[in-house]
Amino acid sequence: MSYLFKSRSEPTPMIPASLQEQLAKINEVRGLLGDLPMEMPKFLSDATIRRFLQARNWSTVHAAKSLKEAASWRRQYKPEKICWENIADSENEARRAYIPDYLDKNGRMVFITLPTIKTKASEKDLIKYLVYNLENLVLNSEDAEESVVWISDFRGWAVSSTPFSLTRESLHIIQKYYPGLIAVAILTNPPRIFESFWKIIKHFLEPKMNEKVKFVYNNSECQRIMGDMFDLDKLESTFGGRNTAGLDIDKYAEKMRRQDQIRGAWTQANGNTSSP
């Protein structure tokens, strides 16, 4: 994937001064998309177009190009059809990556990943579960840009925890097809061996995403940082909070099935349990 190694420039953002100017930009993008908004009205909402515009420095040309690429990917991958019943080993995978019920102090959704928990799922299935989570995060943050705080714990991490190819593909999907969704990515307790891995991974990060990554270690300063961002009574103890309750997988599964109904995702009852 040589596209990941191309040099990138970051133009000065041309942020519209008013909501009217933003709407004009959105309408301009719609014009550049041709018939796509009619083909994918749910995906190509004003909120989605605004998110892509914000991620592409409000360039209508670049946003339209990115949206066309995302639409082509969605047409092939069909992420809207992924549902809880499609997730391989869903009980274990939910413990590795889940969307908790609490928000941060700025009202942003939280996405938790624990990559060191062992998995038997294939990389293909892990990517599918990532996309499933991203679809649900988008659903619940429809009207906001940069509305998700991603926290990942790397205590006890080894290269086998997050294979290089899986990391590369995950970053590609997040940055290309869900741009502007992540507000900050917090990496907690990374071991020293992670530093070498990170030097390589940084080549895959767009400048904006790179700026959002924050490392948090188990010390008083980092405890203060987490306390500034979260209600520590709700935050998991893994991340310095006081919440010691584990994930109730039955309640979580029911929550995600309700989310599937809201998204209109196909379920097992519809006779669609195959991979997209």
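The figures that follow rest on heavy atoms only: side chains count, while hydrogens, waters and symmetry mates do not.
A salt bridge between Glu146 and Arg108 is absent, with no side-chain N of the basic residue lying under 4.0 Å from a carboxylate O of the acidic one. Ion pairing between Asp260 and Arg257 fails under the 4.0 Å rule for side-chain N and carboxylate O. Ion pairing between a basic and an acidic side chain is recognised when a charged N comes within 4.0 Å of a carboxylate O; Asp46 and Arg30 show such pairing. For the pair Lys81 and Glu135, the salt-bridge criterion is not met [side-chain N within less than 4.0 Å of a carboxylate O]. Salt bridge status for Glu91 with Arg95: present, with a side-chain N to carboxylate O gap under 4.0 Å.
With rounding to the nearest 0.5 Å, the separation of CG in Leu235 from CD1 in Ile151 is 5.5 Å. One distance of note links CG of Asn140 with OG of Ser147; it measures 9.5 Å at 0.5 Å rounding. We find the CE-CD1 distance between Met256 and Ile262 to be 10.0 Å, quoted to the nearest 0.5 Å. Considering OH of Tyr252 and CD of Gln259, their distance stands at 8.5 Å, rounded to 0.5 Å. Atom NE2 of His172 sits about 3.5 Å away from atom OH of Tyr177, to the nearest 0.5 Å. Between Asn133 atom CG and Tyr98 atom OH the span is 11.5 Å, to the nearest 0.5 Å.
For the pair Asn57 (side chain) and Ser59 (backbone), a donor-acceptor distance under 3.5 Å is absent. The backbone N or O of Glu211 lies less than 3.5 Å from a partner atom in the side chain of Lys214, making a donor-acceptor pair. Not a single donor-acceptor pair under 3.5 Å links the side chain of Asp228 to the backbone N or O of Ile225. Between the Tyr129 side chain and the Ala97 main chain, a donor and an acceptor come within less than 3.5 Å of each other. The backbone N or O of Leu53 lies less than 3.5 Å from no partner atom in the side chain of Lys25, so there is not a single donor-acceptor pair. The main-chain N or O of Phe239 is never found under 3.5 Å from a side-chain atom of Thr188 such that the two would form a donor-acceptor pair. Judged by distance alone, with hydrogens and angles left aside, the side-chain atoms of Glu93 form no donor-acceptor pair with the main-chain N or O of Ile87 at under 3.5 Å. Between the Lys255 side chain and the Ile99 main chain, a donor and an acceptor come within less than 3.5 Å of each other. With Lys105 contributing its side chain and Gly227 its backbone, the two residues share a donor-acceptor pair below 3.5 Å. Side-chain atoms of Ser66 come within 3.5 Å of backbone atoms of His62 as a donor-acceptor pair (strictly under, hydrogens ignored).
Using the six-membered ring where Trp is involved, Trp84 and Tyr132 have ring planes that are tilted, between 30° and 60° apart. Using bins of under 30°, 30° to 60° and over 60° for the plane-to-plane angle, the ring pair Trp157/Phe197 lands in the tilted bin. Ring geometry for Trp150 against Phe111 counts as tilted: the plane angle lies between 30° and 60°, on a 0 to 90° scale.
For Thr167 and Ser170, the side-chain atoms include no donor-acceptor pair closer than 3.5 Å.
Looking only at side-chain heavy atoms (C-beta outward), Asp233 and Arg242 come within less than 4.5 Å of each other. Contact check for Val110 versus Phe230: side-chain heavy atoms found under the 4.5 Å cut-off. In this structure the side chain of Tyr77 never reaches within 4.5 angstrom of the side chain of Ile173, judged on heavy atoms. Contact of the Pro179 side chain with the Glu206 side chain is not registered, since no non-hydrogen atoms from C-beta on lie closer than 4.5 Å. Contact check for Thr48 versus Arg51: side-chain heavy atoms found under the 4.5 Å cut-off. Side-chain atoms of Lys128 and Lys124, non-hydrogen and from C-beta on, never get closer than 4.5 Å to each other. Within the 4.5 Å cutoff, no side-chain heavy atoms of Glu39 are placed close to those of Leu44. Two residues are said to be in side-chain contact when any heavy atoms from C-beta on lie closer than 4.5 Å; Leu130 and Glu169 fail this criterion.
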Intermediate values then yes/no, side chain to side chain contact (heavy atoms under 4.5 Å, CB included), Phe43 and Leu67
CA-CA 10 Å; Phe43 167 59; Leu67 283 162; 4.2 Å; yes
Does the pair Lys65 and Leu32 meet the rule for a side chain to side chain contact (heavy atoms under 4.5 Å, CB included), with working shown?
CA-CA 9 Å; Lys65 181 177 183 293; Leu32 294 171; over 6 Å; no
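If you run side chain to side chain contact (heavy atoms under 4.5 Å, CB included) between Phe154 and each of Thr113, Asn189, Leu187, Leu114, only Leu187 comes through. The side chain to side chain contact (heavy atoms under 4.5 Å, CB included) test with Val131 singles out one residue from Leu126, Ile82, Asn136, and that residue is Ile82.
In the hydrophobic clustering of this structure, Ile49 does not group with Val61; members are Ile, Leu, Val, Met, Phe, Trp, Tyr whose side-chain heavy atoms approach within less than 4.5 Å, directly or through other members. Placement of Trp58 and Leu23 in two distinct hydrophobic clusters is found when ILVMFWY residues are connected by side-chain heavy-atom separations under 4.5 Å, directly or transitively. Linking Ile, Leu, Val, Met, Phe, Trp and Tyr whenever their side-chain heavy atoms come within less than 4.5 Å puts Phe204 and Trp198 in one cluster.
Contact between Leu166 and Glu123 at its shortest, heavy atoms only, is N-OE1, 3.6 Å. Minimum interatomic distance between Ile174 and Ile182 (heavy atoms only, all atoms of both residues): CG2-CG1, 4.1 Å. Heavy-atom minimum distance, Asp125 versus Ala88: OD2-CB, 3.6 Å. Here the closest non-hydrogen pair linking Arg75 and Lys78 is O-NZ, 3.0 Å. In terms of heavy-atom proximity, Pro115 sits nearest to Arg96 at O-NH2, 3.3 Å. Contact detail for Leu33 and Lys68: the closest heavy-atom pair is CD2-CG, 3.8 Å.
Applying the salt bridge (charged side-chain N to carboxylate O under 4.0 Å, His left out) rule to pairs touching residues 154-167 yields Asp153-Arg155, sequence neighbours excluded.
More than 12 heavy atoms of other residues, nucleotides or ligands sit less than 6.0 Å from atom NZ of Lys212.
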